[in-house]
Q: 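The structure is given below, and queries will be raised subsequently.
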Amino acid sequence: MELKNIILEKEGKIAIVTISRPKALNALNSETLTELDYVLDQIEDDNEVLAVILTGAGEKSFVAGADISEMKDKNVIEGRKFGILGNKVFRRLELLEKPVIAAVNGFALGGGCEISMACDIRIASTKALFGQPEVGLGITPGFGGTQRLTRLVGMGMAKQLIFTAKNIKADEALRIGLVNKVVEPEELMDTAKKLANTIANNAPIAVKLSKQAINRGIQCDIDTALSFESEAFGECFSTEDQKDAMTAFVEKRKPEGFKNR
């Protein structure tokens, strides 16, 4: 597939995915969502990639939202299909076996806030702006905003943000738990890359299984969730990485490096 709106780059063990529609402030249209779905296939199949950074092109916008010019004339069936497409791709992003860091460099509104929430970790520039402005446009959040925002910041705060359609700055997003860290704009990508490399240098299978246990466990009761954890914990003992790392620890030396097996 020829990529028109997505840039995929690799730096060592990290894949960097940049949404690039600068004239539309990186807004998400159907073409962009389809390209992102394709890029996730490439990342999933690349055993050299152990962590992912998602960002937006330019300094002004991460993702300004879903593309209103595409949405405005849709009927009920077309609107539902567009919502299903966005939710399908965002869910794929959320379930990707490799950890994903959102490097939020500007507007993260509507679909932009929603795609950041589908990532595992969010690092924001001081210039980032978050919000779910959909009700001001006569629609609901359609790419997971009503669900992921509630899980991240709690029901009361999620309802306040969605019902008022008000945007919040990065420092407020940090205060309510929507983002993990706020840094100066010039530090954003270096901070994200440093974090991604730290993750990528740990045992990849253990990181993958930890992500799976967290994602599965948050959906159910604690007893079922703990059974998922026990399953993941036990599976680690079938790996060479566990044997090598624990042997190195007992022998008071550093492990030679994880082999992802």
Side-chain angles (χ1 to χ4, degrees), residues 19 25-29 33 36 54 56 61-72 74-96 100-182 211 214-222 224-225:
I19 297 171
L25 295 175
N26 305 326
L28 300 169
N29 59 5
L33 290 168
L36 180 57
L54 176 71
S61 183
F62 171 68
V63 171
D67 194 324
I68 295 172
S69 63
E70 180 181 346
M71 288 192 293
K72 67 182 181 66
K74 289 187 182 300
N75 59 32
V76 172
I77 294 173
E78 293 166 340
R80 186 176 294 121
K81 284 178 66 176
F82 188 55
I84 289 170
L85 173 63
N87 270 317
K88 172 201 160 193
V89 178
F90 286 15
R91 186 63 172 153
R92 280 207 64 200
L93 178 67
E94 187 171 44
L95 296 178
L96 191 71
V100 183
I101 299 166
V104 184
N105 49 313
F107 297 129
L109 306 176
C113 187
E114 288 167 314
I115 197 171
S116 79
M117 292 189 293
C119 298
D120 298 296
I121 298 168
R122 286 154 294 283
I123 308 296
S125 153
T126 53
K127 293 184 178 180
L129 197 68
F130 295 84
Q132 299 289 163
E134 287 88 349
V135 298
L137 294 166
I139 58 173
T140 67
F143 293 171
T146 60
Q147 304 307 308
R148 291 190 182 93
L149 188 60
T150 302
R151 285 162 169 77
L152 282 168
V153 305
M155 186 179 290
M157 185 58 70
K159 286 180 176 178
Q160 178 178 318
L161 290 171
I162 291 170
F163 295 172
T164 63
K166 297 291 187 183
N167 300 332
I168 59 172
K169 294 180 179 179
D171 56 350
E172 177 67 1
L174 179 65
R175 187 189 71 80
I176 66 174
L178 182 55
V179 302
N180 298 70
K181 189 173 186 177
V182 176
K211 176 172 176 173
I214 293 167
N215 284 349
R216 293 174 72 189
I218 197 69
Q219 307 293 332
C220 57
D221 65 273
I222 185 66
T224 304

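For this chain, numbers begin at 1 and follow the sequence in order. Being a predicted model, the structure only gives us computed values, none of them experimental.
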Q: Rounded to the nearest 0.5 Å, how far apart are CG of L174 and CG of L178?
A: 9.5 Å
Q: Please list all pairs meeting ring pair (Phe, Tyr, Trp, His ring centres under 6.0 Å) that have one or both residues in residues 129-160, counting only residues at least two apart or in different chains.
A: F82-F143, F90-F143
Q: Taking all atoms of both residues into account, what is the closest heavy-atom pair of C119 and A102, and its distance?
A: SG-CB, 3.8 Å
Q: Is the shortest side-chain heavy-atom distance between V104 and V179 below 4.5 Å?
A: no
Q: Could you give the distance from NZ (K159) to CD (Q132), rounded to the nearest 0.5 Å?
A: 15.5 Å
Q: Any non-hydrogen side-chain atom of T224 less than 4.5 Å from a side-chain atom of Q219?
A: no
Q: Distance from M117 atom CE to T150 atom OG1, nearest 0.5 Å?
A: 8.5 Å
Q: Please tell me if the side chains of E134 and L137 come closer than 4.5 Å, counting only heavy atoms from C-beta onward.
A: no
Q: Mark yes or no for whether N105, through its side chain, and G56, through its backbone, hold a donor-acceptor pair below 3.5 Å.
A: yes
Q: Look only at the side chain of N180 and the backbone of I123, and say whether a donor-acceptor pair between them is shorter than 3.5 Å.
A: no
Q: At what distance, to the nearest 0.5 angstrom, does CE of M155 lie from OG1 of T146?
A: 11.0 Å
Q: Step by step, work out the side-chain contact (heavy atoms from CB on, under 4.5 Å) result for K211 and I214.
A: CA-CA 5 Å; K211 176 172 176 173; I214 293 167; 5.9 Å; no
Q: Restricting to side chain to side chain contact (heavy atoms under 4.5 Å, CB included), what partner residues turn up for S61, sequence neighbours left out?
A: L25, N26, A64, F107
Q: In the structure I gave you, are the side-chain heavy atoms of Q147 and N87 within less than 4.5 Å of one another anywhere?
A: no
Q: Of all the heavy-atom pairs spanning A165 and G136, show the shortest one and how long it is.
A: CB-N, 4.2 Å
Q: Write down the atom of V153, the atom of G177, and the distance for their closest heavy-atom approach.
A: CG1-C, 4.3 Å
Q: Rounded to the nearest 0.5 Å, how far does CZ of R148 lie from CD1 of I115?
A: 10.0 Å
Q: On a heavy-atom basis, which atom in G111 and which in L28 lie closest, and how many Å separate them?
A: O-CD1, 4.0 Å
Q: Does K169 pair with E172 as a salt bridge, N-O distance under 4.0 Å?
A: no
Q: Check this for me, if you would: do E78 and K81 make a salt bridge, where the nitrogen-to-carboxylate-oxygen distance has to be below 4.0 angstrom?
A: no
Q: Run the numbers on M157 and I168 for side-chain contact (heavy atoms from CB on, under 4.5 Å), then give the verdict.
A: CA-CA 12 Å; M157 185 58 70; I168 59 172; over 6 Å; no
Q: Of the non-hydrogen atoms in C113 and S116, which two are nearest, and what is the gap between them?
A: O-OG, 2.7 Å
Q: Hey, is the main chain of G145 close enough, under 3.5 Å, to the side chain of E114 for a donor-acceptor pair?
A: yes
Q: Which pair of non-hydrogen atoms, one from A170 and one from A124, has the smallest distance, and what is that distance?
A: CB-CB, 4.3 Å
Q: In the structure I gave you, are the side-chain heavy atoms of I19 and L54 within less than 4.5 Å of one another anywhere?
A: yes
Q: Kindly compute the distance separating CZ (F62) from CG (L129), expressed to the nearest 0.5 Å.
A: 13.0 Å
Q: NZ of K74: more than 12 outside heavy atoms within 6.0 angstrom?
A: yes
